[in-house]
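So that the names make sense, note that chain A is the first sequence line, chain B the second, and so on, each numbered from 1.
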Amino acid sequence: MTTRVRFAPSPTGYLHIGSARTALFNYLFARHAGLTDPDSKFLLRIEDTDLARSTEESTRSILDGLEWLGFAPDEEIVFQSDNAEKHRETARKLLTEGKAYRDFTPKEAPSDANIKDAIKERAREQGADKNMRDNPFRDLPRDESDARAAAGEPFAIRLRVAESGKTSFEDQVYGLQERDYSEIEDLVLLRSDGHPLYNLAVVCDDIEMAITHVIRGQDHLTNTHKQILIYEALGVTPPVFAHLPLIMAPNKGKLSKRKHGEVVSMTTYRDAGFLAEAFRNYLALLGWSAGEEQEIYSLDELVAKFSLSGIHRSNAIFNFSPDDPRKWTDDKAQWMNAEYIRTMPLDELLPHVKAELKAAKLWREEYEEDDRAWYERTVDLIRARFFTLKDFSSQGRAYFSEDYDFDSAAIEKNLSKFPDLRVWLPELAERFEAEFGDKPFNETNIELVVRAFTEEKGTKLGVIMNGARTLLTGVAVGPSMLSVFETLGLERSIIRLRSQLAWSQ
RNA sequence: GUCCGGUUCGUCUAGGGGUUAGGACACCGCCCUUUCACGGCGGCAACACGGGUUCAAAUCCCGUACCGGAUACCA
């Protein structure tokens, strides 16, 4: 059977890291299957049946995140709310067949504040003795039920779960899963206002979309048993299930928007200058392993190596320290991004740098034309110590603009301590002007001139070089000064060496 | 409460009867060096606990602890 999987987020927030990984695993699974069956599909369904919480903005944000990661669905996006009528029909069908019943119990007013806690509390009170089949309307005679409904009395439709038995399925990650019917209540299929509920909607849509494998978070494990009951009532063979371990916060608690803010949002990483391929690579290793020591994988390699059997059963922690700006997000993710930036083929990096420079208004069309060679060489030179795309427009700004700031720590470290430099550096500019009238301004020649100059002044090479570094780049960090001089060129080097701007700060 | 799941360095993980328990990130040190990185070399650091099975247990079984998930006319 042709593999068809879906990623089914509910649009109640942005695309967070856990959902992104679920999307990735679904995507990889579909593409892997696609290696032998080109008809395999990765689909997207927006589960927007909770009208109160779903927002268009959220849908937009999720789509943005998926687009950034490169997970385009193979068929049109399904909006679950569009299928509500079909869901209702299915519920009515089950009712007609006697597999579901009307529950006339008045709807409870939703307890406000903390719903989760309220539910937990109620469950605790009910204890282990709770009889899941004690609904007074479960065995209401058909004609009486029909009469009350006809009279306009509101009712919910609940699935009639058998008195005894158990559901079971072979989870591709967690193994055989069984649940006794006594643990499962007669779940509501249709709300008294006619609104289809999650479990019904999911099953109907998965059937309609011909989903063969459901790969989702482990928090759905209990839903799966309920859904299997619905599949059985419908006489449809359930798909294969694979539940994923969860991604937790550093304290092993839930990773949430409210508590952890932007670190969990995919768009944060896009906006922070992460490369999608790097983040994907990082995500793939969170809860999955190919069982080898390789860590850097191209998408093709991930597709080739991905399998459900490599997924772990234990939750993973997304490691970050909100108090430490250097570790605002997982350090392995940061390392991975830096690794990609400095080792990926330059041609692949260039468009990203272009986009970043454009956004920072530092891009010049010449970089695409006459100065292309210079641009490529410069990017290649400075990328070695960058962590994100943002660094090209911040730390790397002086390479692309005459308007850059001087880092106070750099001034302190490389200029203030050596007051002579205020005279020496402009002198070095004079020397450059004199020496490089006809001689090429390249590393070899520059080194000769600077070394001679240094000896004349009776100082150390580092003092001159780092003083110059501060003036020429505004920062204390960067490539070898010989390359910086050469890259910036004679003219710009001279102007910057003469500049007194940094000194007056 | 009940049901389900999990537990290997700080973090991500390999290993699934015999390993000096491996790698990566982070951290620390050394080398390289005009800075900072990169790179190279090295270091620190883990099988939750208790029983069993076995010649042999991180690995299999049972229990305990802890963590997580679920428990709704949310998804």
Side-chain angles (χ1 to χ4, degrees), chain A residues 8-12 47-50 52-54 80 103 105-108 110-111 115-116 118-130 154-158 174-175 177-180 182-185 187-193 195 197-199 201-202 217-223 225 243 245-246 248 250 252-254 282 285-296 312-320 327 330-336 338 342-343 384-387 410 413-414 450 454 460-470 475-482:
Chain A
S10 58
T12 55
E47 312 227 308
D48 56 349
T49 55
D50 186 339
R53 291 196 297 152
S54 299
Q80 190 157 64
D103 179 2
T105 311
K107 184 175 188 276
E108 248 179 81
S111 64
I115 303 176
K116 279 272 186 202
I119 288 163
K120 201 173 171 181
E121 194 44 46
R122 192 204 300 171
R124 203 195 317 280
E125 279 166 19
Q126 288 172 169
D129 324 317
K130 164 72 174 163
F155 58 86
I157 293 181
R158 306 188 91 111
Y174 289 96
Q177 298 292 309
E178 295 184 311
R179 179 95 72 261
D180 199 277
S182 65
E183 303 284 345
I184 307 173
E185 69 170 346
L187 56 141
V188 174
L189 266 16
L190 211 60
R191 246 157 54 172
S192 48
D193 61 4
H195 200 80
L197 252 25
Y198 174 73
N199 283 306
V202 166
Q218 184 239 74
D219 50 336
H220 284 286
L221 223 33
T222 47
N223 279 327
H225 288 94
H243 290 88
L246 272 18
M248 316 302 289
K252 291 184 189 280
K254 214 177 192 133
Y282 165 74
L285 265 21
L286 214 50
W288 173 82
S289 156
E292 59 189 8
E293 288 181 351
Q294 186 176 341
E295 306 254 13
I296 302 291
H312 310 164
R313 278 157 293 273
S314 53
N315 296 341
I317 289 174
F318 185 59
N319 199 22
F320 60 95
K327 302 200 173 179
D330 193 286
D331 44 35
K332 192 148 188 173
Q334 297 199 56
W335 165 80
M336 188 82 73
R342 61 183 173 245
T343 64
R385 56 214 83 203
F386 286 173
F387 278 73
K413 181 184 172 197
N414 296 330
V450 177
T454 303
K460 284 189 283 191
L461 187 63
V463 173
I464 299 296
M465 288 299 198
N466 292 316
R469 180 189 302 286
T470 306
V475 292
V477 179
S480 148
M481 268 314 286
L482 295 174

Under 3.5 Å donor-acceptor, A:Glu185 side chain and A:Leu187 backbone: no
Expected output: side-chain A:His225 to main-chain A:Asp180 donor-acceptor under 3.5 Å: no
Touch class at under 4.0 angstrom, heavy-atom based, for A:Arg469 against every strand present: base
Ring pair (Phe, Tyr, Trp, His ring centres under 6.0 Å) partners of A:Tyr174, counting only residues at least two apart: none
So which protein nitrogen or oxygen atoms get under 3.5 Å of nucleotides 8-11 of chain B's nitrogens or oxygens?
unit_1, atom_1, unit_2, atom_2, d
B:rU11, O4', A:Asn319, ND2, 3.3

Taking only N/O atoms, report every protein-nucleotides 63-65 of chain B pair under 3.5 Å with atom names and distance.
none

Quick test: give all pairs of protein nitrogen or oxygen and nucleotides 37-46 of chain B nitrogen or oxygen below 3.5 Å, distance rounded to 0.1 Å.
unit_1, atom_1, unit_2, atom_2, d
B:rA37, N3, A:Arg385, NH1, 3.3

Sugar-phosphate, base or nothing in reach of A:Pro245, heavy atoms under 4.0 Å: nothing
Residues A:Asp193, A:Arg191: salt bridge by 4.0 Å N-O rule: yes
Anything under 3.5 Å between a protein N or O and an N or O of nucleotides 14-16 of chain B, put it in a table, one pair a line.
unit_1, atom_1, unit_2, atom_2, d
B:rA14, OP1, A:His312, NE2, 3.0

Sugar-phosphate only, base, or nothing, as touched by A:Lys327 at under 4.0 Å among non-hydrogen atoms: sugar-phosphate
Pairwise P distance for B:rC27 and B:rA37, with rounding to whole Å: 10 Å
Sugar-phosphate, base or nothing in reach of A:Met336, heavy atoms under 4.0 Å: nothing
Separation between the P atoms of B:rC47 and B:rG42, rounded to whole Å: 24 Å
Nucleotide N/O to protein N/O under 3.5 Å, stretch nucleotides 71-75 of chain B:
unit_1, atom_1, unit_2, atom_2, d
B:rA72, OP2, A:Glu185, OE2, 3.1
B:rC73, OP2, A:Arg158, NH2, 3.3
B:rC73, O2, A:Ser192, N, 2.8
B:rC73, O2, A:Ser192, OG, 2.9
B:rC73, N3, A:Ser192, OG, 3.1
B:rC73, N4, A:Thr105, O, 2.4
B:rC74, OP2, A:Arg191, NH1, 2.6
B:rC74, O2', A:Asp50, OD2, 2.2
B:rC74, O2', A:Arg53, NH2, 3.4
B:rC74, O2, A:Arg53, NH2, 3.0
B:rA75, OP1, A:Thr49, OG1, 3.2
B:rA75, OP2, A:Tyr198, N, 2.8
B:rA75, O3', A:Glu47, O, 3.1
B:rA75, O2', A:Ser10, OG, 2.8
B:rA75, N6, A:Asn223, OD1, 2.8
B:rA75, N6, A:Asn223, ND2, 2.8
B:rA75, N1, A:Asn223, ND2, 2.9

Nearest-angstrom distance from the residue atom OH of A:Tyr174 to C1' of B:rC3: 16 Å
Sugar-phosphate only, base, or nothing, as touched by A:Leu482 at under 4.0 Å among non-hydrogen atoms: base
Touch class at under 4.0 angstrom, heavy-atom based, for A:Gly217 against every strand present: nothing
Main-chain N/O of A:Lys327 paired with A:Asp331 side-chain donor or acceptor, under 3.5 Å: no
Spacing of the C1' atoms in B:rC25 and B:rG69 (rounded, Å): 28 Å
